[in-house]
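Structure record follows, encoded as structure tokens.
Everything numeric here is computed off the predicted structure, so don't read it as measured data. Every chain is numbered from 1 and lettered A, B, ... according to where its sequence line falls, protein lines coming before strand lines.
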Amino acid sequence: MSTQRSGTVQGRPDLDTPVQATCEVLDRRREGAYWVLSFAAKEIAERAQPGQFVSLAVQSPGALLRRPFSIARVSQQGVAAGTVDVVFDAHGPGTEWLTSVRGHDVLDVVGPLGRPFPMPRRKVGCLLIGGGYGVAPLLYLGETLRREGLRVDMIVGAATQARLLGVIEAKRLSASSVFTTEDGSYGTQGRVTDVLEAVVAHGRTGVVYACGPNAMLRAVSERCGELHLPVQVAVEERMACGIGVCFTCVLPIRDRAGNVHLRRACLDGPVLNGARIAWEDTRYGAPSARTPAGEGGDA
Amino acid sequence: MSTQRSGTVQGRPDLDTPVQATCEVLDRRREGAYWVLSFAAKEIAERAQPGQFVSLAVQSPGALLRRPFSIARVSQQGVAAGTVDVVFDAHGPGTEWLTSVRGHDVLDVVGPLGRPFPMPRRKVGCLLIGGGYGVAPLLYLGETLRREGLRVDMIVGAATQARLLGVIEAKRLSASSVFTTEDGSYGTQGRVTDVLEAVVAHGRTGVVYACGPNAMLRAVSERCGELHLPVQVAVEERMACGIGVCFTCVLPIRDRAGNVHLRRACLDGPVLNGARIAWEDTRYGAPSARTPAGEGGDA
Amino acid sequence: MSASPVRDQPARAWPRRRSLDPADVDLRVQLAGVALPNPITTASGCFASGVEVDRFYDVTELGAIVVKSVTREPRAGLPTPRMAETPSGMLNAIGLQNPGVDAWLARDLPWLQDRGARVVASIAGNSVEDFATVAGRLRGQPGIIAIEVNLSCPNVEERGLVFACSATDSQEVIAAVRAEASVPVLAKLTSDVTDVVSIAEAVVDAGADGVTLINTLLGMAIDPDTGRPELWNTYGGLSGPAIRPVALRNVHQVHQALPDVPILGCGGARTVEDVVQFLRAGASAVAVGTATFVDPFVGPRLIAGLRTWCAERGIAAVTDLVGDVQPWR
Amino acid sequence: MSASPVRDQPARAWPRRRSLDPADVDLRVQLAGVALPNPITTASGCFASGVEVDRFYDVTELGAIVVKSVTREPRAGLPTPRMAETPSGMLNAIGLQNPGVDAWLARDLPWLQDRGARVVASIAGNSVEDFATVAGRLRGQPGIIAIEVNLSCPNVEERGLVFACSATDSQEVIAAVRAEASVPVLAKLTSDVTDVVSIAEAVVDAGADGVTLINTLLGMAIDPDTGRPELWNTYGGLSGPAIRPVALRNVHQVHQALPDVPILGCGGARTVEDVVQFLRAGASAVAVGTATFVDPFVGPRLIAGLRTWCAERGIAAVTDLVGDVQPWR
Ligand SMILES: Cc1cc2nc3c(=O)[nH]c(=O)nc-3n(C[C@H](O)[C@H](O)[C@H](O)COP(=O)(O)OP(=O)(O)OC[C@H]3O[C@@H](n4cnc5c(N)ncnc54)[C@H](O)[C@@H]3O)c2cc1C
Ligand SMILES: Cc1cc2nc3c(=O)[nH]c(=O)nc-3n(C[C@H](O)[C@H](O)[C@H](O)COP(=O)(O)OP(=O)(O)OC[C@H]3O[C@@H](n4cnc5c(N)ncnc54)[C@H](O)[C@@H]3O)c2cc1C
Ligand SMILES: Cc1cc2nc3c(=O)[nH]c(=O)nc-3n(C[C@H](O)[C@H](O)[C@H](O)COP(=O)(O)O)c2cc1C
Ligand SMILES: Cc1cc2nc3c(=O)[nH]c(=O)nc-3n(C[C@H](O)[C@H](O)[C@H](O)COP(=O)(O)O)c2cc1C
Ligand code: FES
Ligand code: FES
């Protein structure tokens, strides 16, 4: 039985286009160092795929722009059908404001947005590597891969135990799971890349999916390159619009001919082929940013 | 027994200076067309006098400035000691936001601010004339006058019955009370000034106190002038600071020598001698604003 | 009686007229001789090429679509970070990323033409010749109803000084574009000048059929912790509701000085009330930029909202509002 | 690892230093040769004469008190409405209401002197002679540590053009004030010019010991219903957080061009992070205006907050921050 609890919805009826909806908040709870927000968004739930994101209007004073969050879970069946979850880290005014919403409050949501994780074309082992709240969309992806009958292994990393997300779900979901913390407070001390090669060997990995800080995604992409493993990463870049109209969220992507183009992370991503990102032209995870020369002030 | 429920308080210990306090919201309820907001503000309650106001920080998006509201009631005794009430009309973003606060929310309040209604120096009949939400501070004043053993009569006016505030309290408080509505939906059809002279004669009025739209205050002041009655009015003017530092809230006041000076309504008012206001130099209640020539753009 | 005395006692209130059926409100406007079905357009650089928002609604509902500025050659644009949020606004430094005029004509314009959109082509360059060349390429293209000349570009021949900061530089560009263009030409000006009226006069003298006011304000933000500018480019353009008062002032100043010059108002418009302010200040149409980032449906919402707003007040034609300011003195 | 990759991966992060005891942080700064105990001052016209806020806290805690601009003769100022709220900002048109320099010296200054406040006298006028006369009256007054010259006034001898919009007009005023003044002179400039650096150079050449950047931006708002400007004066000055990116850009531009010229930063500062941005952009001290309207205690809050902020980051002296921007390229 499905309960339709969302409010006004604007958009085209096509299932491959995003909508704008006013959504009733169902729950907002803590999960370790993070917050989980659930809201009723039938039209978004039925369109969503793992790796896509939603953008939420926030009401903190002076805040103008929406805030993008990966879709962490959607419920298709039962009384919770049409529910969308996001997991977030409260660290700035917009996310702090989100911790203050309560059940029955109404949120203005646009989504689902962006390119989802592509499903493997063959039956291969899938290694999911998540850092911090980046684990959230991977748990959603993992469920989907499992439903397709694929083997899932996981590496979950964070700075410290409190910031490790989804330990129980990861264990439940995957054939094997390895946890890393930088301070060694849980699992292996170190970073996700320190254990990557061992897990790949062990899990007969055919494709890697990763989400987390861009510096981590760079390290993972580079390691996968060395191991000749395909890798799909869900990136983050500051987004003014999230819908492809502002060109603030670009990343340098190498085409087949080797030429680098700046592509919109909100439209061509957030899931991108990690091997195609010209990481050396970004400001992520390297001592100094090497970037194409710009042509001065913008209008 | 007094319960101290307010949060941080900043300010000097002197009872004649305002403070800034974070105050717990106790209640927010509808009253006719208006809203009543009660919050715990011990230091403000013990300093407050009728006619003074508080200024509340509002969190509506993009709003910068505080919103001024007359103090409608303070509780000095019992479990509610230290409670301050304001009555407001929700018509713009800031006041709309205020309707969304709930019990246990915390408000940032500065007050009490401004010059209160002066108590009569002799035992005279006091006529209180309120329009719309302007009745709120007069009920507070009426209680105080009654405690001093003075006769209180009231005229309460509004556009229509739903916007008549404090009908029951006015009846309880005053020796006589007259109600006017512009559409005749309750009491006498017309305006407060239409019944003023009759009430004055009947109540042996020695002083008039008024609060309401400035155009009403002008009409009341002019009528009292003709009747040679002292009149104290609590005015409204757009206030950026409420504490006397910005000079945005000025009104033209005639000194004893007849010279007009622009005085700050937040500091020299909001209660002013209605006979001293050079109403003809304001934009209130007259077909065209006659004003001193300005000297061009400001810095 | 109980309402705000500050708000409700204007010496001359809008005459109370009978409200109308919203369907009877005439939203049509003329912008520099071009007929638009309503006064709501996009702002250049805030709507990409049109397809992106067409996923949400039929973008041909808009009065016109002002597309992202195109240049003679393709441009990669600037490295990230390209944006930072500021109080009620945002800074951007995109660096005019665009595929170049030829690719735009080949890949982006045909879709807009097919859909029947009214396209305002925005053009940018770093020399008079750049602008003239791009304008020439656009000549005779169906669907392009006007050219907007983005003068907020550094002039490489004048030590990088922005064209819109110099009356003579602006004039040269506009004259060259005017000579090439087969449609009305709008000069898009910046507020970052001492005297916007003199620049507006100059471009009109040079043949501009109207002006767009305003582009972003030059601004900056710094990460307090690291000391890094929030934008790779150090400086960027400030847009959004924060700049609306400045935009309205520019529109009003130019309209007072040059009442016959059509103005496309731009800068921080987000609500119906904002649009009405722009029209009253003297704009014939209003370009909406940053608000689209916040609300993809802002265009149709403003069109419908403006219709209702006018109907409730008995305003039969939106053009009645244009330039209608009632000074206090 | 889980924190924002955008924020947390600067190519050169602030070197991690041991945190300090807040009491050990040195907040003292020099502004145009004047020693201040901390870099927080008031902005002219946003603190009246000082007594008003002294009801809340001891105003001598402030680095300095910049008082409301005074003129040769008393001024009544403009009729109301004098203010309108805008997104994250406000417009004002007060018209320099002040009692005149003689009454100010007789009635307001003595209180500040008695309290031992460090007073920056702000002066305004409509002719070079006006400014010179006022500056002369202030000569030798104890407690006045500097004079700030409000150049955002119309010059009646030049068809009402604002002094700060013309390099030569500004120069004449500053030279005349410099000749009369016995204390350092700060020229307060506007951002509403094509090239703020050239105006800053001009006033420094004329003898200014420093510059205050920026005054309000010229803006406008209209009541959509009535068509009346929200301000009696039609135009007014935009202030508050909305303009902070513009203010920071002005400070940075002038500091880059004239690194030895002391700058009093002003425009939209409200939080400790804002103050740090101004210092990094190149300001030696920061004047807080509109924020006082919102929070009467903003001054002491920023002083204490800055101390803690520096202590947590191991920054021993606030002067270490001045001008410390790390460009991306
Ligand atoms: C595609 C995508 C998916 C994301 N998914 C999640 C998620 O599932 N959970 C989660 O906690 N966070 C997620 N983020 C990051 C999240 O959007 C930011 O943490 C949030 O916008 C911060 O807002 P704020 O007001 O709290 O902080 P502020 O730092 O004050 O934000 C100021 C501005 O910077 C932008 N910004 C700040 N941090 C980031 C960031 N890391 N990435 C992009 N923009 C940023 C904000 O959107 C805003 O415009 C995602 C970001 C992107 C781009
Ligand atoms: C001394 C004083 C006492 C007041 N007491 C009360 C009261 O007891 N109950 C009540 O409902 N209202 C009272 N008001 C009016 C109240 O302050 C405004 O209704 C409120 O500020 C409107 O805010 P808004 O955001 O909802 O509306 P908006 O109209 O969007 O406000 C925009 C700006 O205009 C100002 N403004 C708008 N209306 C007024 C007004 N009438 N007077 C002054 N400034 C205004 C706001 O403060 C704000 O800065 C009082 C005003 C003053 C000056
Ligand atoms: C991300 C972004 C990109 C922009 N690109 C352009 C551009 O290419 N050409 C142009 O003339 N203006 C450009 N602008 C300026 C806008 O067209 C508009 O003038 C400005 O943003 C003010 O309007 P707004 O506040 O409604 O956004 C851009 C603005 C933004 C925010
Ligand atoms: C109400 C008001 C009055 C002002 N009066 C003056 C003035 O008399 N002289 C002056 O130089 N600046 C004056 N200013 C400008 C401020 O000093 C300051 O430059 C500007 O407001 C920007 O800073 P802020 O955003 O911190 O307010 C005034 C500003 C406001 C808001
Ligand atoms: S966020 Fe606007 S294009 Fe990607
Ligand atoms: S409101 Fe600022 S002086 Fe009265």
Does any heavy atom of chain D fall under 4.5 Å from the side chain of Ala240(B), the backbone, both, or neither of them?
both
Quick one: what part of Ala84(D) sits under 4.5 Å from any heavy atom of chain B, side chain, backbone, both or neither?
both
Selection from Phe56(D), Phe47(D), Tyr57(D) maximising heavy-atom pairs under 4.5 Å formed with chain B:
Phe56(D)
With a cut-off of 6.0 Å (strictly less than), are more than 12 heavy atoms of other residues, nucleotides or ligands near CD of Glu46(B)?
yes
Contacting moiety of Thr290(D), where chain B heavy atoms sit under 4.5 Å
side chain
Glu52(D) side-chain N/O to Ile243(B) backbone N/O, donor-acceptor pair under 3.5 Å:
no
Contact residues of residues 269-276 of chain B (partner chain D; heavy-atom separation under 4.5 angstrom):
none
Of Asn92(D), Asn98(D), Ile94(D), Leu78(D), which is the lone residue that meets side-chain contact (heavy atoms from CB on, under 4.5 Å) with Phe247(B)?
Ile94(D)
Close side-chain approach of Val250(B) to Thr80(D), heavy-atom, < 4.5 Å
yes
Is there a side-chain contact between Thr292(D) and Cys241(B) (heavy atoms, below 4.5 Å)?
no
Hey, does Arg264(B) have a side-chain heavy atom less than 4.5 Å from the side chain of Gln97(D)?
no
side-chain contact (heavy atoms from CB on, under 4.5 Å) between Asp58(D) and Arg12(B), intermediate numbers included
CA-CA 9 Å; Asp58(D) 177 357; Arg12(B) 296 190 183 273; 3.9 Å; yes
In terms of heavy-atom contacts, Leu64(B) and Glu85(D) come closest through N-OE2, 2.8 Å
Most heavy-atom pairs under 4.5 angstrom with chain B, which of Arg55(D), Met90(D), Lys188(D), Arg270(D)?
Arg55(D)
Quick one, Arg228(D) and Arg283(B) - any side-chain contact, counting heavy atoms below 4.5 Å?
no
Tell me, side chain or backbone of Leu251(B) under 4.5 Å from chain D's heavy atoms, or both, or neither?
neither
Any chance you could lay out the side-chain contact (heavy atoms from CB on, under 4.5 Å) test for Arg238(B) and Glu230(D), step after step, and finish with the verdict?
CA-CA 11 Å; Arg238(B) 286 198 217 168; Glu230(D) 292 276 2; 3.0 Å; yes
May I have the step-by-step check of side-chain contact (heavy atoms from CB on, under 4.5 Å) for Thr248(B) and Phe293(D), ending in yes or no?
CA-CA 11 Å; Thr248(B) 62; Phe293(D) 306 167; 5.9 Å; no
Locate the shortest heavy-atom distance separating Gly244(B) from Ala48(D); write the atom from each residue and the value.
O-CB, 3.5 Å
May I ask you to name which of Ala63(B), Cys246(B), Pro252(B) has the most heavy-atom pairs under 4.5 Å with chain D?
Cys246(B)
CD of Gln10(B) to CZ of Phe297(D), rounded to nearest 0.5 Å, is 4.5 Å
